[in-house]
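Structure first, commentary second.
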2 protein chains.
Amino acid sequence: MPPKRIRLDKAIVTESDRLAAELAERYDRAGVLVMNLMSSPGAGKTSLLEATARSLSDRFRMACIDGDLATDRDAQRVRKAGMPCTQINTGGGCHLNGKQVRDALAAHRLQDLDILFIENVGNLVCPAVFDLGEHRRVVVSSTPEGDDKPVKYPVAFRLADAVVLNKMDLVGATDFVVEAFREYMDEIKPGLPVLEVSCKTGDGLAGWFEWVAAARDAVGRKVE
Amino acid sequence: MPPKRIRLDKAIVTESDRLAAELAERYDRAGVLVMNLMSSPGAGKTSLLEATARSLSDRFRMACIDGDLATDRDAQRVRKAGMPCTQINTGGGCHLNGKQVRDALAAHRLQDLDILFIENVGNLVCPAVFDLGEHRRVVVSSTPEGDDKPVKYPVAFRLADAVVLNKMDLVGATDFVVEAFREYMDEIKPGLPVLEVSCKTGDGLAGWFEWVAAARDAVGRKVE
(Lines give C-alpha, C1' and ligand atoms only; values in the text may rest on other atoms or scores of the structure.)
Protein backbone atom coordinates (compact mmCIF):
# COMPACT_ATOMS: atom_id res chain seq x y z
CA MET A 1 0.00 0.00 0.00
CA PRO A 2 1.59 3.34 -1.02
CA PRO A 3 2.22 5.91 1.76
CA LYS A 4 -0.20 8.45 0.25
CA ARG A 5 -3.06 5.98 0.55
CA ILE A 6 -2.26 5.30 4.18
CA ARG A 7 -2.28 8.99 5.04
CA LEU A 8 -5.67 9.56 3.47
CA ASP A 9 -7.23 6.54 5.19
CA LYS A 10 -5.94 7.85 8.48
CA ALA A 11 -7.41 11.29 7.83
CA ILE A 12 -10.83 9.80 7.07
CA VAL A 13 -10.81 7.67 10.21
CA THR A 14 -9.89 10.68 12.30
CA GLU A 15 -12.79 12.73 10.95
CA SER A 16 -15.12 9.80 11.61
CA ASP A 17 -13.76 9.45 15.16
CA ARG A 18 -14.15 13.16 15.79
CA LEU A 19 -17.79 13.00 14.73
CA ALA A 20 -18.40 9.91 16.87
CA ALA A 21 -16.97 11.69 19.91
CA GLU A 22 -19.11 14.77 19.18
CA LEU A 23 -22.23 12.59 18.95
CA ALA A 24 -21.36 10.65 22.12
CA GLU A 25 -20.95 13.91 24.04
CA ARG A 26 -24.27 15.17 22.71
CA TYR A 27 -26.08 11.96 23.75
CA ASP A 28 -24.59 12.16 27.24
CA ARG A 29 -25.43 15.82 27.64
CA ALA A 30 -29.06 15.03 26.77
CA GLY A 31 -29.04 11.94 29.03
CA VAL A 32 -30.34 9.68 26.28
CA LEU A 33 -29.29 6.05 25.82
CA VAL A 34 -28.32 5.41 22.19
CA MET A 35 -28.30 1.91 20.69
CA ASN A 36 -26.90 1.03 17.28
CA LEU A 37 -28.62 -2.04 15.76
CA MET A 38 -26.92 -3.94 12.98
CA SER A 39 -27.59 -7.18 11.08
CA SER A 40 -27.74 -8.90 7.71
CA PRO A 41 -30.62 -7.77 5.47
CA GLY A 42 -33.91 -9.17 6.73
CA ALA A 43 -32.67 -10.52 10.07
CA GLY A 44 -35.36 -8.59 11.95
CA LYS A 45 -34.05 -5.23 13.19
CA THR A 46 -37.28 -3.46 12.22
CA SER A 47 -39.46 -6.22 13.68
CA LEU A 48 -37.53 -5.94 16.94
CA LEU A 49 -38.07 -2.16 16.98
CA GLU A 50 -41.80 -2.60 16.26
CA ALA A 51 -42.11 -5.00 19.20
CA THR A 52 -40.06 -2.64 21.38
CA ALA A 53 -42.27 0.32 20.42
CA ARG A 54 -45.43 -1.62 21.26
CA SER A 55 -44.18 -2.93 24.61
CA LEU A 56 -41.96 -0.22 26.06
CA SER A 57 -43.67 3.02 24.98
CA ASP A 58 -45.45 3.31 28.33
CA ARG A 59 -42.16 3.00 30.14
CA PHE A 60 -39.67 4.95 28.01
CA ARG A 61 -39.73 7.91 25.62
CA MET A 62 -38.15 6.43 22.52
CA ALA A 63 -37.29 7.44 18.96
CA CYS A 64 -35.49 5.91 16.02
CA ILE A 65 -33.18 6.84 13.15
CA ASP A 66 -33.43 4.32 10.34
CA GLY A 67 -30.82 3.73 7.62
CA ASP A 68 -31.58 2.10 4.27
CA LEU A 69 -30.18 2.36 0.76
CA ALA A 70 -33.66 3.18 -0.52
CA THR A 71 -37.36 3.51 0.50
CA ASP A 72 -38.83 4.64 3.82
CA ARG A 73 -40.59 1.31 4.43
CA ASP A 74 -38.80 0.61 7.70
CA ALA A 75 -39.41 4.07 9.14
CA GLN A 76 -43.09 3.74 8.25
CA ARG A 77 -43.30 0.40 10.05
CA VAL A 78 -41.60 1.76 13.17
CA ARG A 79 -43.83 4.86 13.21
CA LYS A 80 -46.94 2.75 12.79
CA ALA A 81 -45.87 0.77 15.87
CA GLY A 82 -45.78 4.03 17.82
CA MET A 83 -42.16 5.20 17.74
CA PRO A 84 -41.13 8.47 16.01
CA CYS A 85 -38.64 7.56 13.31
CA THR A 86 -36.48 9.49 10.82
CA GLN A 87 -35.46 7.70 7.64
CA ILE A 88 -31.99 8.17 6.17
CA ASN A 89 -31.53 6.96 2.59
CA THR A 90 -27.88 6.29 1.82
CA GLY A 91 -28.31 5.82 -1.94
CA GLY A 92 -25.68 3.15 -2.48
CA GLY A 93 -24.01 3.71 0.93
CA CYS A 94 -23.31 0.50 2.86
CA HIS A 95 -23.47 1.91 6.40
CA LEU A 96 -24.61 4.97 8.35
CA ASN A 97 -21.95 7.56 9.07
CA GLY A 98 -21.71 10.19 11.80
CA LYS A 99 -22.67 13.06 9.52
CA GLN A 100 -25.89 11.36 8.42
CA VAL A 101 -26.82 10.68 12.05
CA ARG A 102 -25.95 14.24 13.11
CA ASP A 103 -28.19 15.61 10.35
CA ALA A 104 -31.04 13.26 11.30
CA LEU A 105 -30.82 14.36 14.97
CA ALA A 106 -32.29 17.72 13.91
CA ALA A 107 -35.69 16.01 13.80
CA HIS A 108 -35.46 14.86 17.44
CA ARG A 109 -35.34 16.61 20.81
CA LEU A 110 -32.75 14.41 22.48
CA GLN A 111 -33.31 15.83 25.96
CA ASP A 112 -36.92 14.64 25.80
CA LEU A 113 -35.92 11.05 25.02
CA ASP A 114 -34.91 8.11 27.19
CA ILE A 115 -33.72 5.90 24.34
CA LEU A 116 -32.72 6.58 20.73
CA PHE A 117 -32.36 3.55 18.47
CA ILE A 118 -30.27 3.71 15.31
CA GLU A 119 -31.24 1.01 12.84
CA ASN A 120 -28.20 0.67 10.61
CA VAL A 121 -28.15 -0.40 6.93
CA GLY A 122 -28.69 -4.17 6.57
CA ASN A 123 -25.09 -5.31 6.26
CA LEU A 124 -23.13 -7.53 8.62
CA VAL A 125 -19.77 -6.13 7.52
CA CYS A 126 -19.34 -2.38 7.04
CA PRO A 127 -21.52 -0.81 9.79
CA ALA A 128 -19.39 -2.61 12.39
CA VAL A 129 -16.37 -0.39 11.78
CA PHE A 130 -18.21 2.94 11.93
CA ASP A 131 -18.68 4.30 15.44
CA LEU A 132 -21.80 6.47 15.70
CA GLY A 133 -21.06 7.47 19.29
CA GLU A 134 -23.58 4.92 20.60
CA HIS A 135 -23.60 3.55 24.16
CA ARG A 136 -24.66 0.06 23.13
CA ARG A 137 -24.27 -1.94 19.98
CA VAL A 138 -26.60 -4.84 19.22
CA VAL A 139 -26.23 -7.43 16.47
CA VAL A 140 -29.45 -9.12 15.38
CA SER A 141 -28.79 -12.57 13.89
CA SER A 142 -31.51 -14.92 12.65
CA THR A 143 -31.75 -18.70 12.55
CA PRO A 144 -32.25 -19.11 8.76
CA GLU A 145 -28.88 -17.38 8.19
CA GLY A 146 -27.12 -20.39 9.75
CA ASP A 147 -25.37 -21.01 13.04
CA ASP A 148 -21.86 -20.23 11.74
CA LYS A 149 -22.35 -16.49 11.28
CA PRO A 150 -20.31 -15.43 14.36
CA VAL A 151 -17.12 -17.04 13.01
CA LYS A 152 -17.74 -15.94 9.41
CA TYR A 153 -18.47 -12.30 10.32
CA PRO A 154 -16.37 -11.98 13.47
CA VAL A 155 -15.86 -8.20 13.45
CA ALA A 156 -19.53 -7.31 13.93
CA PHE A 157 -20.08 -9.94 16.64
CA ARG A 158 -16.84 -9.06 18.48
CA LEU A 159 -17.80 -5.39 18.75
CA ALA A 160 -21.36 -6.09 19.95
CA ASP A 161 -22.66 -5.60 23.50
CA ALA A 162 -25.43 -8.15 22.95
CA VAL A 163 -26.68 -10.49 20.24
CA VAL A 164 -30.39 -10.93 19.61
CA LEU A 165 -30.94 -14.30 17.97
CA ASN A 166 -34.23 -13.83 16.11
CA LYS A 167 -36.62 -16.16 14.23
CA MET A 168 -36.43 -18.88 16.88
CA ASP A 169 -39.87 -19.92 15.56
CA LEU A 170 -38.07 -21.16 12.39
CA VAL A 171 -35.35 -23.11 14.19
CA GLY A 172 -37.06 -26.47 13.69
CA ALA A 173 -37.48 -25.87 9.96
CA THR A 174 -33.77 -25.11 9.42
CA ASP A 175 -30.43 -26.84 10.12
CA PHE A 176 -29.62 -24.22 12.76
CA VAL A 177 -28.19 -25.66 15.99
CA VAL A 178 -28.52 -23.24 18.91
CA GLU A 179 -25.67 -24.86 20.85
CA ALA A 180 -23.35 -24.54 17.84
CA PHE A 181 -24.21 -20.82 17.55
CA ARG A 182 -23.49 -20.32 21.24
CA GLU A 183 -20.18 -22.18 20.95
CA TYR A 184 -19.15 -20.01 17.99
CA MET A 185 -20.12 -16.91 19.98
CA ASP A 186 -17.98 -18.12 22.90
CA GLU A 187 -15.09 -18.42 20.47
CA ILE A 188 -15.58 -14.84 19.22
CA LYS A 189 -16.58 -13.07 22.44
CA PRO A 190 -17.01 -15.18 25.56
CA GLY A 191 -19.72 -14.09 27.96
CA LEU A 192 -21.62 -11.88 25.50
CA PRO A 193 -25.39 -12.00 26.17
CA VAL A 194 -27.22 -13.98 23.45
CA LEU A 195 -30.96 -13.33 23.67
CA GLU A 196 -33.12 -15.92 21.86
CA VAL A 197 -36.32 -14.33 20.57
CA SER A 198 -39.04 -14.64 17.99
CA CYS A 199 -40.36 -11.25 16.95
CA LYS A 200 -43.17 -13.14 15.22
CA THR A 201 -44.50 -15.12 18.21
CA GLY A 202 -43.14 -12.79 20.92
CA ASP A 203 -41.23 -15.60 22.62
CA GLY A 204 -38.18 -14.38 24.48
CA LEU A 205 -38.85 -10.69 23.92
CA ALA A 206 -39.24 -10.14 27.67
CA GLY A 207 -35.50 -10.88 27.99
CA TRP A 208 -34.71 -8.23 25.37
CA PHE A 209 -36.92 -5.64 27.06
CA GLU A 210 -35.16 -6.36 30.35
CA TRP A 211 -31.75 -5.95 28.71
CA VAL A 212 -32.83 -2.62 27.18
CA ALA A 213 -34.14 -1.37 30.54
CA ALA A 214 -30.91 -2.38 32.29
CA ALA A 215 -28.86 -0.56 29.63
CA ARG A 216 -31.08 2.50 30.10
CA ASP A 217 -30.51 2.35 33.87
CA ALA A 218 -26.74 2.04 33.47
CA VAL A 219 -26.49 5.06 31.19
CA GLY A 220 -28.87 7.00 33.41
CA ARG A 221 -26.60 6.47 36.37
CA LYS A 222 -23.56 7.59 34.37
CA VAL A 223 -25.22 10.89 33.48
CA GLU A 224 -26.43 11.73 36.99
CA MET B 1 -15.94 16.99 -0.95
CA PRO B 2 -12.43 18.44 -1.58
CA PRO B 3 -10.95 18.05 -5.09
CA LYS B 4 -8.10 15.79 -3.88
CA ARG B 5 -10.61 13.23 -2.61
CA ILE B 6 -12.44 13.18 -5.94
CA ARG B 7 -9.25 12.55 -7.86
CA LEU B 8 -8.26 9.64 -5.68
CA ASP B 9 -11.70 8.00 -5.87
CA LYS B 10 -11.53 8.26 -9.62
CA ALA B 11 -8.08 6.71 -9.68
CA ILE B 12 -9.25 3.74 -7.56
CA VAL B 13 -12.26 3.11 -9.80
CA THR B 14 -10.03 3.22 -12.87
CA GLU B 15 -7.61 0.67 -11.41
CA SER B 16 -10.56 -1.55 -10.50
CA ASP B 17 -11.98 -1.21 -14.03
CA ARG B 18 -8.61 -2.01 -15.56
CA LEU B 19 -8.35 -5.18 -13.49
CA ALA B 20 -11.92 -6.19 -14.40
CA ALA B 21 -11.14 -5.78 -18.09
CA GLU B 22 -7.93 -7.80 -17.69
CA LEU B 23 -9.85 -10.60 -15.93
CA ALA B 24 -12.67 -10.56 -18.52
CA GLU B 25 -10.13 -10.90 -21.31
CA ARG B 26 -8.43 -13.77 -19.51
CA TYR B 27 -11.75 -15.61 -19.01
CA ASP B 28 -12.63 -15.19 -22.68
CA ARG B 29 -9.20 -16.33 -23.86
CA ALA B 30 -9.62 -19.51 -21.77
CA GLY B 31 -13.22 -19.95 -22.97
CA VAL B 32 -14.54 -20.26 -19.41
CA LEU B 33 -17.92 -18.93 -18.26
CA VAL B 34 -17.50 -16.92 -15.05
CA MET B 35 -20.41 -16.29 -12.68
CA ASN B 36 -20.29 -13.91 -9.72
CA LEU B 37 -22.72 -14.95 -6.96
CA MET B 38 -23.78 -12.41 -4.35
CA SER B 39 -26.30 -12.31 -1.51
CA SER B 40 -26.96 -11.41 2.09
CA PRO B 41 -25.13 -13.57 4.65
CA GLY B 42 -26.74 -17.00 4.87
CA ALA B 43 -29.07 -16.72 1.85
CA GLY B 44 -27.68 -19.93 0.39
CA LYS B 45 -24.87 -19.22 -2.11
CA THR B 46 -22.81 -22.12 -0.78
CA SER B 47 -25.80 -24.48 -0.69
CA LEU B 48 -26.55 -23.59 -4.31
CA LEU B 49 -22.92 -24.34 -5.26
CA GLU B 50 -23.02 -27.65 -3.40
CA ALA B 51 -26.16 -28.66 -5.31
CA THR B 52 -24.61 -27.48 -8.58
CA ALA B 53 -21.43 -29.47 -7.92
CA ARG B 54 -23.44 -32.62 -7.20
CA SER B 55 -25.71 -32.32 -10.25
CA LEU B 56 -23.60 -30.76 -12.99
CA SER B 57 -20.13 -32.25 -12.44
CA ASP B 58 -20.79 -34.95 -15.06
CA ARG B 59 -21.69 -32.31 -17.59
CA PHE B 60 -19.29 -29.42 -16.91
CA ARG B 61 -15.76 -28.98 -15.58
CA MET B 62 -16.32 -26.49 -12.76
CA ALA B 63 -14.35 -24.70 -10.07
CA CYS B 64 -15.00 -22.03 -7.47
CA ILE B 65 -13.35 -19.07 -5.79
CA ASP B 66 -14.91 -18.35 -2.43
CA GLY B 67 -14.76 -15.05 -0.54
CA ASP B 68 -15.33 -14.71 3.20
CA LEU B 69 -14.11 -12.39 5.92
CA ALA B 70 -12.84 -15.40 7.87
CA THR B 71 -12.72 -19.23 7.92
CA ASP B 72 -12.55 -21.66 5.00
CA ARG B 73 -15.85 -23.32 5.92
CA ASP B 74 -17.54 -22.51 2.61
CA ALA B 75 -14.63 -23.73 0.47
CA GLN B 76 -14.57 -26.96 2.47
CA ARG B 77 -18.29 -27.49 1.84
CA VAL B 78 -17.96 -26.84 -1.90
CA ARG B 79 -14.94 -29.16 -2.17
CA LYS B 80 -16.73 -31.89 -0.28
CA ALA B 81 -19.56 -31.62 -2.83
CA GLY B 82 -17.00 -32.31 -5.58
CA MET B 83 -15.97 -28.87 -6.90
CA PRO B 84 -12.38 -27.59 -6.53
CA CYS B 85 -12.54 -24.37 -4.54
CA THR B 86 -10.03 -21.71 -3.47
CA GLN B 87 -10.84 -19.71 -0.35
CA ILE B 88 -10.07 -16.00 -0.16
CA ASN B 89 -10.19 -14.47 3.33
CA THR B 90 -10.72 -10.72 3.16
CA GLY B 91 -10.04 -10.00 6.85
CA GLY B 92 -12.52 -7.19 7.32
CA GLY B 93 -13.04 -6.61 3.59
CA CYS B 94 -16.69 -6.31 2.55
CA HIS B 95 -16.37 -7.56 -1.06
CA LEU B 96 -13.98 -9.38 -3.39
CA ASN B 97 -11.78 -7.20 -5.56
CA GLY B 98 -10.08 -7.90 -8.86
CA LYS B 99 -6.64 -8.34 -7.33
CA GLN B 100 -7.85 -11.01 -4.91
CA VAL B 101 -9.54 -12.89 -7.75
CA ARG B 102 -6.47 -12.58 -9.98
CA ASP B 103 -4.28 -14.01 -7.21
CA ALA B 104 -6.73 -16.86 -6.59
CA LEU B 105 -6.74 -17.77 -10.28
CA ALA B 106 -3.19 -19.07 -9.87
CA ALA B 107 -4.69 -22.20 -8.29
CA HIS B 108 -6.86 -22.94 -11.34
CA ARG B 109 -6.15 -23.89 -14.96
CA LEU B 110 -8.85 -21.77 -16.61
CA GLN B 111 -8.49 -23.38 -20.04
CA ASP B 112 -9.46 -26.74 -18.50
CA LEU B 113 -12.69 -25.33 -17.03
CA ASP B 114 -16.18 -24.82 -18.46
CA ILE B 115 -17.50 -22.73 -15.57
CA LEU B 116 -15.83 -20.78 -12.77
CA PHE B 117 -18.06 -19.62 -9.92
CA ILE B 118 -17.06 -16.72 -7.72
CA GLU B 119 -18.88 -16.79 -4.39
CA ASN B 120 -18.63 -13.22 -3.14
CA VAL B 121 -18.60 -12.05 0.50
CA GLY B 122 -22.07 -12.26 2.07
CA ASN B 123 -23.17 -8.66 1.62
CA LEU B 124 -26.06 -7.33 -0.46
CA VAL B 125 -24.48 -3.88 -0.84
CA CYS B 126 -20.76 -3.54 -1.60
CA PRO B 127 -20.01 -6.51 -3.92
CA ALA B 128 -22.56 -5.12 -6.41
CA VAL B 129 -20.35 -2.18 -7.37
CA PHE B 130 -17.15 -4.18 -7.93
CA ASP B 131 -16.86 -5.71 -11.38
CA LEU B 132 -14.76 -8.88 -11.33
CA GLY B 133 -14.90 -9.26 -15.11
CA GLU B 134 -17.63 -11.91 -14.85
CA HIS B 135 -20.00 -12.87 -17.68
CA ARG B 136 -22.98 -13.39 -15.44
CA ARG B 137 -23.99 -11.99 -12.10
CA VAL B 138 -26.48 -13.85 -9.90
CA VAL B 139 -28.16 -12.55 -6.75
CA VAL B 140 -29.36 -15.21 -4.32
CA SER B 141 -32.24 -13.97 -2.17
CA SER B 142 -34.05 -16.07 0.43
CA THR B 143 -37.62 -16.05 1.69
CA PRO B 144 -36.89 -15.43 5.40
CA GLU B 145 -35.19 -12.14 4.44
CA GLY B 146 -38.55 -10.73 3.36
CA ASP B 147 -40.16 -9.95 0.02
CA ASP B 148 -39.14 -6.27 -0.03
CA LYS B 149 -35.41 -6.82 -0.54
CA PRO B 150 -35.37 -5.81 -4.26
CA VAL B 151 -36.60 -2.29 -3.49
CA LYS B 152 -34.51 -1.93 -0.34
CA TYR B 153 -31.25 -3.08 -1.99
CA PRO B 154 -31.93 -1.98 -5.59
CA VAL B 155 -28.32 -1.72 -6.79
CA ALA B 156 -27.50 -5.42 -6.43
CA PHE B 157 -30.79 -6.56 -7.97
CA ARG B 158 -30.58 -4.06 -10.84
CA LEU B 159 -27.12 -5.26 -11.87
CA ALA B 160 -28.04 -8.97 -11.73
CA ASP B 161 -28.57 -11.27 -14.72
CA ALA B 162 -30.76 -13.61 -12.68
CA VAL B 163 -32.17 -13.89 -9.18
CA VAL B 164 -32.29 -17.23 -7.40
CA LEU B 165 -35.03 -17.09 -4.77
CA ASN B 166 -33.94 -19.73 -2.25
CA LYS B 167 -35.55 -21.34 0.83
CA MET B 168 -38.91 -21.74 -0.87
CA ASP B 169 -39.43 -24.59 1.65
CA LEU B 170 -39.74 -21.91 4.37
CA VAL B 171 -42.21 -19.69 2.50
CA GLY B 172 -45.23 -21.01 4.40
CA ALA B 173 -43.54 -20.37 7.76
CA THR B 174 -42.78 -16.71 6.96
CA ASP B 175 -44.74 -13.62 5.85
CA PHE B 176 -43.03 -13.76 2.45
CA VAL B 177 -45.40 -13.22 -0.49
CA VAL B 178 -43.91 -14.52 -3.76
CA GLU B 179 -46.12 -12.27 -5.90
CA ALA B 180 -45.00 -9.20 -3.93
CA PHE B 181 -41.33 -10.15 -4.47
CA ARG B 182 -41.95 -10.55 -8.20
CA GLU B 183 -43.73 -7.19 -8.37
CA TYR B 184 -40.84 -5.49 -6.58
CA MET B 185 -38.42 -7.17 -9.01
CA ASP B 186 -40.48 -5.88 -11.96
CA GLU B 187 -40.15 -2.41 -10.47
CA ILE B 188 -36.36 -2.73 -10.22
CA LYS B 189 -35.55 -4.71 -13.39
CA PRO B 190 -38.49 -5.89 -15.51
CA GLY B 191 -38.06 -9.24 -17.22
CA LEU B 192 -35.18 -10.48 -15.06
CA PRO B 193 -35.38 -14.27 -14.52
CA VAL B 194 -36.42 -15.14 -10.95
CA LEU B 195 -35.76 -18.81 -10.23
CA GLU B 196 -37.64 -20.19 -7.21
CA VAL B 197 -35.65 -22.97 -5.55
CA SER B 198 -35.11 -24.82 -2.33
CA CYS B 199 -31.54 -25.99 -1.97
CA LYS B 200 -32.75 -28.06 0.97
CA THR B 201 -35.47 -30.08 -0.81
CA GLY B 202 -34.08 -29.71 -4.34
CA ASP B 203 -37.33 -28.19 -5.63
CA GLY B 204 -36.80 -25.87 -8.58
CA LEU B 205 -33.07 -26.57 -8.93
CA ALA B 206 -33.64 -28.04 -12.42
CA GLY B 207 -34.53 -24.52 -13.58
CA TRP B 208 -31.28 -23.16 -12.16
CA PHE B 209 -29.21 -25.92 -13.81
CA GLU B 210 -30.93 -25.13 -17.12
CA TRP B 211 -30.15 -21.42 -16.74
CA VAL B 212 -26.48 -22.21 -15.97
CA ALA B 213 -26.24 -24.51 -19.03
CA ALA B 214 -27.81 -21.85 -21.28
CA ALA B 215 -25.36 -19.23 -19.98
CA ARG B 216 -22.49 -21.67 -20.63
CA ASP B 217 -23.75 -22.19 -24.21
CA ALA B 218 -24.07 -18.46 -24.83
CA VAL B 219 -20.52 -17.73 -23.68
CA GLY B 220 -19.24 -20.74 -25.60
CA ARG B 221 -20.66 -19.36 -28.82
CA LYS B 222 -19.12 -15.96 -28.15
CA VAL B 223 -15.65 -17.46 -27.79
CA GLU B 224 -15.82 -19.69 -30.87
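Given the structure is predicted, the values throughout are model-derived calculations rather than measurements. Numbers restart at 1 for each chain; the letters A, B, ... are given by sequence-line order, proteins then strands.
- Heavy atoms of A:Lys152 lying under 4.5 Å from chain B belong to its backbone as well as its side chain.
- Counting all heavy atoms, side chain and backbone alike, A:Gly122 lies closest to B:Val125 at O-CG2, 4.1 Å.
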- Could you give me the CA-CA distance, side-chain angles and deciding distance for B:Asp175 and A:Lys200, then say whether side chain to side chain contact (heavy atoms under 4.5 Å, CB included) is met? CA-CA 10 Å; B:Asp175 299 328; A:Lys200 196 174 183 185; 3.7 Å; yes
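- By a heavy-atom distance cut of under 4.5 Å, A:Pro144, A:Glu145, A:Asp148, A:Lys149 are the residues of residues 140-149 of chain A near chain B, going up by number.
- Residues B:Cys94 and A:Cys94 have side chains not in contact (no heavy-atom distance under 4.5 Å, counting atoms from C-beta outward).
- Of the listed residues (A:Val155, A:Asn123, A:Val121), the greatest number of heavy-atom pairs within a distance under 4.5 Å of chain B belongs to A:Asn123.
- Applying the salt bridge (Lys or Arg N to Asp or Glu O under 4.0 Å) rule to pairs touching residues 177-189 of chain A yields A:Arg182-A:Glu196, sequence neighbours excluded.
- Residues passing the side-chain hydrogen bond (donor to acceptor under 3.5 Å, both in side chains) test with A:Asp66, sequence neighbours excluded: none.
- In this structure, A:Ser40 and B:Leu124 have side chains that are not in contact, with every pair of non-hydrogen atoms separated by 4.5 Å or more.
- Taking a 6.0 Å sphere around CD of A:Glu210, one finds it holds 12 or fewer heavy atoms contributed by other residues, nucleotides or ligands.
- Contact annotation for residues 68-76 of chain B against chain A (heavy-atom separation below 4.5 Å, listed by residue number): B:Asp68, B:Leu69, B:Ala70, B:Thr71, B:Arg73, B:Asp74.
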